[in-house]
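Everything below concerns the one structure shown next.
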Amino acid sequence: MDPALTAQNFVLKCEDCEETSVCTCRICDVALCREHFGNHMDTNHELCKTKNNSICTKHSLLFKHYCRSCIKPICSDCVRYEDHSNHGLSDPAAMLDFYKEIIAIENEELRNVIKPFYSTILEVIEERRSELDINISKARENVKEFGRKLHEQVDIAVMHYYETLAANEKEQLEKIQFDLNVFQQRIEEIEKKLEDNAKLLQRNDPFDLMTLFKSSLADFPIYPELYEFNIPVFQPNVPDFKTLLHIAGEISYIPRTENPLSLKCKHFQLSRSQLLEHPLHKSSSSNLNILDLSCLQSDGVLTVGKNNQFKQLQFKWGKFYHVQTNEIECRSQYVAISPNDAIYFSDTVNRSIKKYGNVYCHLLIDVLDFDDLEPRGLTFTPSGHLLVCLYSKQRSFVARYINDNKLVQDIEHNGDKPLYKEPCFVCCNRNGDVCVTDHGLNAVIVVDMFGVFQFSYRGQNEKSFRPYCLATDHLCNIVITDNVNHEIHLLDKYGQFLGFLTTEPRIIRPGALDIDRNGKLWMEHSTRGELTVIGSHSVLK
């Protein structure tokens, strides 16, 4: 980083003549030399009071700078008296295009994704209200029908009890009548015997008595048993409310099989990208000794190899076609193509970023120089900003540049903790998220366009996961190569693991990769730097 851009080395100059300032207008925060201070107070001061309303609330001065570390505008007193000494400062004018791009991206997301999403939710809510009215009415009709049928069953049960009692009454009355008849007949027999005995007592002839009298006492002690007599008693078992509900049934609530109330739902974020819908189509070219690659805006890819050469290749009709070879002055492992097809690459030896105007231009230009930082992976955002991974033992971060050399953002911390240890490859999603493979943390770190941490991915087996490079597709899914475990991971933009990209035969040591505008996945693999093109379809395992 240029030391002149830090607040520690910041010197206020006169706004009119560039001499060292000695006075400052406290109202409009203009630094002036002694000669021009009087003229300013006489002629311009009243106009300055209404020139700008961007005032620092702490010091009541106009904002003059933008602190990239604190991510906020600051005034000159903030620079002088607060702890911004080691922070990077930017000219607000340089930040204007950056924030306009951010606002444009946000508006596109709001217009094309968020608003349609909430409109769909409103439609779903209206459908639910309509479905609720219909199903509540049906449930009420079912309850009413249940009540009617329950009363029918109660009436049937009562009639059954009536018929049971009537049958029992008839049976027992017949038995009682039989016993009554038997014992009435016995009483009649006893009365007749008493009459016969009374007549015998009137006789005085002893022979008559001895001849006519026969004792019947031995007959009457033997009598028939009475039939069993049962008293019918009805003991009603009236179920209470809860028992009746348990017996009769219950009102259940069936959840919807599809829940649209999530921005992760398949209506807005497809759970499978083009890379996962159909069988794999793969073609390979060997012995290219590739270190890195980047897709061109036109069809084809640019590779950088161990032999200090750029090669432009195209893939047509299932074959690779060599288009152009350029010799370069250094061996670079990191290359990126700008929106206008300029070639940018990191010179890790001289610690700089260099570029060629295009694939046919042999004029090499130094874009950025770094004193104590080693540039590594680099990429361009959809809006044309340059993102560079910068590494040193003291600090590691991702820097954002506009117009090649205007630093507008340092992505370095998650709260008070560093985000990166050894950032190597970087790519930018269509939603503005910055995705980085960190070879020191063995993780993929994702932040939003403001540098706010979103998630980290450490593989399905954290102990063995070794992410090498990554790329994103048009659905904002993230493809990650693991060249130690020979796996290709696929995540959605929220960090959810979708599956492994598989090939037949299996790709060994997958490395650098990129996805072109047609959805084809270009991947370097094996120890010989071979190149494979996977058509816009593949499969999961």
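For the numbers below, each heavy atom of this structure counts, side chains included, while hydrogens, waters and symmetry mates do not.
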Subject >> Intermediate values then yes/no, side chain to side chain contact (heavy atoms under 4.5 Å, CB included), Val533 and Trp522 >> reply: CA-CA 5 Å; Val533 174; Trp522 300 71; 3.4 Å; yes
**OP:** Go through the steps for Asn431 and Lys493 under the test side chain to side chain contact (heavy atoms under 4.5 Å, CB included), then give the verdict.
**Re:** CA-CA 9 Å; Asn431 62 358; Lys493 66 179 178 179; 3.7 Å; yes
**OP:** Please assess Phe345 against Val304 for the test side chain to side chain contact (heavy atoms under 4.5 Å, CB included), listing each intermediate value before the final yes or no.
**Re:** CA-CA 9 Å; Phe345 62 93; Val304 56; over 6 Å; no
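Residues Ser338 and Asn340 bring a donor and an acceptor atom of their side chains to less than 3.5 Å of each other.
Within the structure, salt bridge (charged side-chain N to carboxylate O under 4.0 Å, His left out) contacts touching residues 418-440 (residues at least two apart or in different chains) are Arg376-Glu422. Within the structure, side-chain hydrogen bond (donor to acceptor under 3.5 Å, both in side chains) pairs that include any residue of residues 377-391 comprise Thr381-Ser383, His385-Arg400 (at least two apart or interchain).
Using a distance-only test at 3.5 Å, with no hydrogens or angles considered, a donor-acceptor pair links the side chain of Gln409 to the main chain of Met449. Using a distance-only test at 3.5 Å, with no hydrogens or angles considered, a donor-acceptor pair links the side chain of Thr481 to the main chain of Cys469. A donor-acceptor pair under 3.5 Å is formed between the side chain of Asp482 and the backbone N or O of Asn485. Between the side chain of Arg458 and the backbone N or O of Leu441, at least one donor-acceptor pair lies under 3.5 Å. Although no hydrogens or angles enter the test, the distance criterion places a donor-acceptor pair under 3.5 Å between the side chain of Asp473 and the main chain of Cys476. Side chain of Asn518 to main chain of Lys520: no donor-acceptor pair is present (N/O by atom type, distance under 3.5 Å, no hydrogens or angles). Panel note: side chain Asp366, backbone Ser352; no donor-acceptor pair is recorded below 3.5 Å.
Taking each heavy atom of Met523 and Ile534 in turn, the nearest pair found is CE-CD1, 4.4 Å. Pairing each heavy atom of Ser294 with each of Val301, the nearest pair is O-CG2, 3.4 Å. Pairing each heavy atom of Leu378 with each of Ala336, the nearest pair is O-CB, 3.4 Å. Contact record, Leu293 with Ala512: CD2-O, 3.9 Å, taken as the closest heavy-atom pair. For Cys435 against Leu470, the heavy-atom pair with the smallest separation is CB-CD1, 3.5 Å. The shortest non-hydrogen separation linking Val388 to Pro375 is CG1-CB, 4.2 Å.
In this structure, Ile488 and Leu513 have side chains that are not in contact, with every pair of non-hydrogen atoms separated by 4.5 Å or more. Counting heavy atoms from C-beta on, the side chains of Val447 and Leu419 come closer than 4.5 Å. Contact check for Thr348 versus Tyr334: side-chain heavy atoms found under the 4.5 Å cut-off. Using a 4.5 Å cut-off on side-chain heavy atoms (C-beta onward), His486 and Ile508 make contact. Looking only at side-chain heavy atoms (C-beta outward), Phe310 and Ile343 come within less than 4.5 Å of each other. Counting heavy atoms from C-beta outward, Leu296 and Gln312 have side chains that approach closer than 4.5 Å. In this structure, Val436 and Cys389 have side chains that are in contact, with non-hydrogen atoms separated by less than 4.5 Å. Looking only at side-chain heavy atoms (C-beta outward), Ile480 and Phe465 come within less than 4.5 Å of each other.
Put simply, OG1 on Thr303 and CG on Asp514 are 12.5 Å apart, with the number rounded to the nearest 0.5 Å. A distance of 12.0 Å separates CD1 of Ile114 from CG of Asn107, quoted to the nearest 0.5 Å. The CG atom of Leu498 sits 12.5 Å away from atom NE2 of His489, with the distance rounded to the nearest 0.5 Å. Distance CG/Leu386 to CG/Asn403: 11.0 Å, rounded to 0.5 Å. With values rounded to the nearest 0.5 angstrom, Asn477 atom CG is found 10.5 Å from Tyr494 atom OH. To the nearest 0.5 angstrom, Asp347 atom CG is 10.0 Å from Glu374 atom CD.
With sequence neighbours excluded, no residue forms a ring-ring contact (aromatic ring centres under 6.0 Å, His included) with Tyr420. Not counting sequence neighbours, the partners of Tyr468 by the side-chain hydrogen bond (donor to acceptor under 3.5 Å, both in side chains) test are Gln333. Take Asp448 and apply the salt bridge (charged side-chain N to carboxylate O under 4.0 Å, His left out) test, not counting sequence neighbours, and it matches no residue. Under the ring-ring contact (aromatic ring centres under 6.0 Å, His included) criterion, Phe380 pairs with Tyr344, sequence neighbours left out.
With Tyr401 as the partner, the side-chain contact (heavy atoms from CB on, under 4.5 Å) test is satisfied by one option alone out of Leu368, Ile353, Val367: Leu368.
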